[in-house]
Colleague: 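Questions regarding the structure given below will be posed in turn.
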Amino acid sequence: AIAAASFLLLALCTVSTDAAAGIPLTRPGMMFEPLSCNSNLEDLNLDCSTSLESIVGATAPGNNVVVPCGTCATLTTSDGSLINLSAPLDVQGKLLVPASAQATLRTTAVFVQG
């Protein structure tokens with residue numbers, strides 16, 4: 001179940017576009033484009049040392065947990081712990097969920113904007 005949850009979160013945070021060519025993902029009645037403040041997030045040497053857990057810890061209870069636009073954060077929990085958010089997770093930047101991550105993330109909603 002943990003692996004499935006990690007995969008689901010990863011799937012939610014991964015957008016299938018040809019971002020290098022600047023081609024937006026289209027769905028009937030919708031256009032999706034990368035946010036301009038995330039133009040640096042395709043860099044292979046990108047610093048993803050900010051942990052999602054540190055962002056959660058710095059967020060006041062009841063406020064959305066936001067991965068800011070232009071920021072890459074990584075889920076680092078690997079012991080199967082519960083990360084319980086009292087408000088939505090709002091991914092405006094990039095959220096990496098490595099294969100080594102093992103956690104249950106409980107939240108009211110996940111918004112992926114980046």
Side-chain angles (χ1 to χ4, degrees):
I2 293 172
S6 295
F7 176 76
L8 175 60
L9 182 58
L10 179 61
L12 288 172
C13 298
T14 304
V15 177
S16 298
T17 64
D18 187 351
I23 301 169
L25 175 68
T26 59
R27 295 281 188 247
M30 304 174 108
M31 292 289 292
F32 296 91
E33 296 180 22
L35 300 174
S36 61
C37 52
N38 285 331
S39 62
N40 67 320
L41 294 182
E42 295 304 317
D43 182 353
L44 295 178
N45 297 315
L46 182 65
D47 176 16
C48 291
S49 61
T50 301
S51 71
L52 176 63
E53 295 82 350
S54 68
I55 295 172
V56 170
T59 303
N63 289 346
N64 288 8
V65 174
V66 178
V67 176
C69 198
T71 299
C72 179
T74 302
L75 179 65
T76 59
T77 300
S78 60
D79 64 1
S81 297
L82 172 65
I83 301 172
N84 196 17
L85 308 181
S86 60
L89 172 62
D90 184 358
V91 182
Q92 298 174 13
K94 183 174 188 173
L95 177 59
L96 295 179
V97 181
S100 60
Q102 293 186 8
T104 299
L105 179 64
R106 186 171 295 152
T107 183
T108 56
V110 176
F111 303 109
V112 180
Q113 301 184 54

Colleague: Tell me which donor-acceptor pairs under 3.5 Å the side chains of residues 81-89 have, and how far apart each pair is, sequence neighbours excluded?
Modeller:
residue, atom, partner, partner atom, Å
S81, OG, D79, OD1, 2.4
S81, OG, D79, OD2, 3.1
S86, OG, G62, N, 2.9

Colleague: Looking at every heavy atom in both I55 and V65, which two are closest together, and how far apart are they?
Modeller: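 Looking at all heavy atoms of both residues, the shortest contact is CG2-CG1, 3.9 Å.
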
Colleague: Identify the heavy atoms of G93 and N38 that sit nearest to each other, and give their distance.
Modeller: CA-OD1, 3.6 Å

Colleague: List the atom of L75, the atom of A103, and the distance in Å for their closest heavy-atom pair.
Modeller: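 Shortest heavy-atom contact: CD2-CB, 4.5 Å.
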
Colleague: Considering only residues two or more places apart or on different chains, which pairs with a residue in residues 51-63 satisfy side chain to side chain donor-acceptor pair (under 3.5 Å)?
Modeller: S51-S54, E53-T76, E53-T77

Colleague: Please report the closest heavy-atom contact between G70 and N40, naming both atoms and the distance.
Modeller: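 Looks like O-ND2, 3.8 Å.
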
Colleague: Please determine whether residues V110 and V66 belong to a single hydrophobic cluster, defined as Ile, Leu, Val, Met, Phe, Trp and Tyr linked transitively by side-chain heavy-atom distances below 4.5 Å.
Modeller: no

Colleague: With rounding to the nearest 0.5 Å, note down the distance linking SG in C37 to CD in Q92.
Modeller: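 Output value for this atom pair is 7.5 Å.
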
Colleague: Determine the minimum heavy-atom distance between C72 and T50, stating which atoms define it.
Modeller: O-CB, 3.9 Å

Colleague: Taking all non-hydrogen atoms of both residues, which atom of K94 and which atom of L46 are closest, and how far apart?
Modeller: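 Closest approach of K94 to L46, heavy atoms only: CD-CD2, 4.3 Å.
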
Colleague: Drop me the distance from D47's CG to T74's OG1, to the nearest 0.5 angstrom.
Modeller: 8.5 Å

